[in-house]
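A note on names: the letters A, B, ... follow the listed sequences, proteins ahead of strands, and every chain is numbered from 1.
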Amino acid sequence: MNEVAVIRRCADDYTPVVEAIRAAFPMTIDVHRWEHVRIERVDSNGQVTAYVGDAPLDELRAVFHLGSPAFALPTPTADQSYVAMERDQSMLAALAACRHIKIVNRGAVLAGNRGVLEPSGQLRILARIGWATPSVTHSFDLDGNVATKLRDPEPEAEAQDLLVIGLRRHVRRGSAPAPALDPLIAKTQLYMRDAQLDVCTIPIALTRSGPVAFGIHPGVSTDVPRAGLTEILLEAVG
Amino acid sequence: MTRILLIGYGTESTFSHFRDFLTAEGIAHEVLDLSTLREAHDLTITESAGELIVSIDDEIYHLSEYTAIYARCFWFELGSDSRNRALQTLVGALIGFLEHTPAIVINRPSSGASNGNKLAHLGKLSEAGLLHPEAHVIGDPALAKTIVAPDGSWISKSVSGIRTRAVALDDALFARLDRLVVCPSLFQRRIRGADVRVHVVGGECIAERIVAQQVDYRYSEPGIPRPDFSPCGVPPDVERACIAYCDRNRMMFAGIDFKIADDGTWYCLEVNPMPGYEPYDRRLGRRISRALAKVLTRSTSVEADLEPFVVAARRPTPTPFA
């Protein structure tokens with residue numbers, strides 16, 4: 001019971017993230033095709049017989065679910081869409097039934113927390129935590145097929161930074177001192193604990209009036225120093 | 001002051017039914033009609049920490065100004081890529097706002113979201129004390145043949161929230177079990193007996209009993225008589241469990257499907273967080289709409305009404321300057 005699996009839509013999806021997870025857990029099973037999955041049964045009484053690779057699902061130590069294996073088709077047929085949806089929900093039912101394995105970011109993967117999955121909801125969560133957030137205006141010319149998105153403030157390139165936050169640690173892309181971030185990170189960790197999130201990525205900008213956050217994405221970005229990221233991934237699995 | 005907003009498609013029967021009810025009762029409300037995006041020229045969405053402003057042509061909605069919102073908010077094909085993208089952005093913005101606004105919301109988008117996975121959903125039912133039929137997600141054809149039988153005692157459904165006509169497993173379906181290698185599917189032990197739909201609205205249960213010969217009474221079948229519908233009561237323990245489920249899942253409105261077995265046991269099939277309640281309401285004399293209106297015209301949401309037993313006046317703030 002010591003293997004970690006990463007489950008994703010296809011082989012091209014989240015490749016840098018999978019590499020980072022492999023750096024932390026060399027025995028990681030990479031599941032990116034439906035042929036890698038075998039769900040024999042999941043029962044309403046909690047019994048599960050399912051495998052990823054050749055490993056029994058309920059004997060894994062942890063799972064990073066970044067999506068379920070699906071068709072990479074631009075215009076799937078009705079049957080293909082249905083099959084993809086049924087596979088995804090079967091995978092999630094199997095994961096939900098495996099009570100003893102760690103599902104990283106369980107709150108986003110299994111709880112159907114749409115508030116944290118929509119960009120608009122993310123900004124409202126950040127604002128409630130105490131972050132300054134931008135206002136966002138989307139304009140659509142519905143006859144002319146023209147769409148624009150404006151953020152205020154729109155950060156200048158040199159002000160943009162990135163945080164990957166775990167429940168106890170965090171790692172930042174930039175190195176300029178930013179003590180104003182510390183209390184915000186602590187409050188974000190409290191939110192994450194409450195929302196059953198183990199690791200989140202927050203794009204930020206360090207403006208003259210203080211830090212501004214632009215989203216809180218359940219999951220990791222690899223655009224931060226690798227050593228710190230590895231520690232956060234180790235912590236997320238526990 | 002109460003200010004009610006309805007968000008949905010004016011062309012959709014349940015939405016227009018409730019809108020027309022409020023109008024007939026003289027209850028003031030405004031409507032953000034998503035179906036107008038089929039013909040509109042401009043859409044602007046402005047989001048900030050406590051506000052969402054939606055402008056469709058000349059109609060402007062400041063969503064933070066509403067005290068109560070009834071939402072049937074989902075994506076729908078509008079016929080062109082640009083309009084579809086615009087609608088997708090708008091629905092996303094609405095979901096983000098409705099999840100976090102202090103207003104009364106029927107229902108918040110993540111309330112009752114477990115319904116999107118029928119097997120995981122059964123676990124949630126159990127947690128609230130609702131009995132459910134035995135069910136299996138099966139992806140192995142050989143194993144399936146040892147669990148289910150083509151004798152009408154098993155029901156076939158989708159695992160996901162995609163609306164599916166539930167049917168009894170017969171010889172023809174049994175012969176197709178090899179297709180489970182393509183994707184797993186859900187099999188549920190069939191409960192024979194009457195159906196009951198319980199609508200829970202703000203803690204009140206309104207129930208209708210349905211006696212039908214077909215497995216899924218929502219769909220008519222040639223040669224089978226139409227179902228019989230009649231108002232009914234709900235056993236106190238089932239009522240408590242229904243309300244407990246809604247409380248645990250922050251739902252102010254739910255449509256809960258039951259089957260009553262021959263021994264009188266009530267088995268819950270599922271809880272719908274966005275019930276299409278119109279036909280039940282018409283037969284029940286608008287009781288559901290009336291209860292919905294009562295919830296929306298409350299002065300505060302349950303979550304915002306946090307006055308504790310020890311009131312603020314008994315909790316003076318210490319000051320060194322007295």
Side-chain angles (χ1 to χ4, degrees), chain A residues 34 37-47 49-50 79 81-97 110-128 131-147 149 152, chain B residues 37 39-52 80-83 85-86 89-90 92-97 99-101 108-110 112-120 122-123 126 132-140 143-144 147 158-162 182-186 188:
Chain A
W34 187 250
V37 177
R38 202 165 88 238
I39 297 173
E40 293 184 358
R41 69 190 289 177
V42 189
D43 299 345
S44 54
N45 64 10
Q47 190 181 339
T49 311
D79 267 354
S81 297
Y82 177 77
V83 166
M85 181 74 95
E86 289 291 282
R87 287 178 176 178
D88 182 42
Q89 292 302 323
S90 300
M91 185 79 251
L92 294 177
L95 289 174
L110 295 177
N113 183 351
R114 295 187 70 183
V116 75
L117 299 177
E118 294 286 348
S120 163
Q122 292 176 6
L123 290 178
R124 292 176 198 286
I125 288 166
L126 289 165
R128 283 176 78 165
W131 290 90
T133 56
S135 69
V136 182
T137 300
H138 305 266
S139 301
F140 298 89
D141 171 352
L142 298 170
D143 299 319
N145 195 11
V146 178
K149 176 182 173 183
D152 182 20
Chain B
L37 285 178
E39 305 290 334
H41 304 293
D42 297 297
L43 168 68
T44 306
I45 304 161
T46 303
E47 306 174 72
S48 56
E51 182 60 285
L52 172 63
S80 84
D81 287 348
S82 63
R83 290 176 193 275
R85 267 198 302 277
T89 305
L90 176 55
L94 289 168
I95 285 171
F97 180 83
E99 195 64 38
H100 299 288
T101 173
R108 292 189 194 278
S110 59
S114 71
N115 183 280
N117 186 308
K118 299 301 179 202
L119 197 80
L122 297 180
S126 296
H132 58 75
E134 170 191 349
H136 308 268
V137 170
I138 308 178
D140 180 332
L143 182 65
I147 297 173
S158 295
V159 185
S160 65
I162 292 176
V182 174
C183 64
S185 201
L186 186 90
Q188 184 177 286

Exercise. Name the option with the most non-hydrogen atom pairs under 4.5 Å to chain A; the candidates are B:Ala49, B:Ala86, B:Ala40.
Key: B:Ala86
Exercise. Given side-chain hydrogen bond (donor to acceptor under 3.5 Å, both in side chains), test B:Glu47 with A:His138 step by step and report yes or no.
Key: CA-CA 9 Å; B:Glu47 306 174 72; A:His138 305 266; 3.3 Å; yes
Quiz item: Under a 4.5 Å heavy-atom cutoff, which of B:Asp42, B:Leu186, B:Leu90 has the most pairs with chain A?
Solution: B:Asp42
Exercise. Report the option among B:Ala144, B:Ala120, B:Gly116 that has the most heavy-atom pairs separated by less than 4.5 Å from atoms of chain A.
Key: B:Gly116
Practice problem: Go through A:Asp88, A:Asp141, A:Leu126, A:Asn145 and name the one with the most non-hydrogen pairs under 4.5 angstrom from chain B. | Solution: A:Asn145
Quiz item: Under 4.5 Å between any side-chain heavy atoms of B:Ile45 and A:Phe140, yes or no?
Solution: yes
Self-check item: Expected output: side-chain A:Arg87 to main-chain A:Tyr82 donor-acceptor under 3.5 Å
Solution: no
Self-check item: Proximity breakdown for A:Leu123 and chain B, heavy-atom pairs closer than 4.5 Å
Solution: neither
Quiz prompt | A:Arg128 portion near chain B, given a 4.5 angstrom heavy-atom threshold | solution = side chain
Exercise. Could you tell me which residues satisfy side-chain contact (heavy atoms from CB on, under 4.5 Å) with B:Ser160, sequence neighbours excluded, listed by chain and number?
Key: A:Met85, A:Glu86, A:Gln89, B:Ser158, B:Ile162
Exercise. Could you look at B:Leu119 and say if it's the side chain, the backbone, both or neither that has a heavy atom under 4.5 Å from chain A?
Key: side chain
Quiz item: Which bit of A:Ala147 is near chain B, if near means a heavy-atom gap under 4.5 Å: side chain, backbone, both or neither?
Solution: neither
Exercise. Determine the option with the most heavy-atom pairs under 4.5 angstrom with chain B, choosing from A:Ser139, A:Ala97, A:Ala127, A:Gly144.
Key: A:Ser139
Exercise. Among the options B:Asp140, B:Leu43, B:Thr46, pick out the one with the most heavy-atom pairs lying under 4.5 Å from chain A.
Key: B:Leu43
Self-check item: Residue, of B:Thr44, B:Val159, B:Ile138, that accumulates the most heavy atom pairs under 4.5 Å with chain A
Solution: B:Val159
Quiz item: Within a reach of under 6.0 Å around CD of B:Glu39, are more than 12 heavy atoms found that belong to other residues, nucleotides or ligands?
Solution: no
Self-check item: Toward chain A, the part of B:Gln188 with a non-hydrogen atom under 4.5 Å
Solution: neither
Quiz prompt | chain B contact via A:Ser90 - side chain, backbone, both or neither, heavy atoms under 4.5 Å | solution = both
Practice problem: Can you tell which part of B:Leu52 gets under 4.5 Å to a heavy atom of chain A, answering side chain, backbone, both or neither? | Solution: both
Exercise. Apply side chain to side chain contact (heavy atoms under 4.5 Å, CB included) to B:Thr101 and B:Arg108, showing your working.
Key: CA-CA 9 Å; B:Thr101 173; B:Arg108 292 189 194 278; 3.9 Å; yes
Quiz item: Can you name the residues that form a side-chain contact (heavy atoms from CB on, under 4.5 Å) with B:Ser80, not counting sequence neighbours?
Solution: B:Ser82, B:Arg83
Quiz prompt | Main-chain N/O of A:Gln47 paired to A:Asn45 side chain as donor or acceptor, under 3.5 Å | solution = yes
Quiz item: Would you find a donor on one side and an acceptor on the other, under 3.5 Å apart, between the side chain of A:Arg41 and the backbone of B:Gly139?
Solution: no
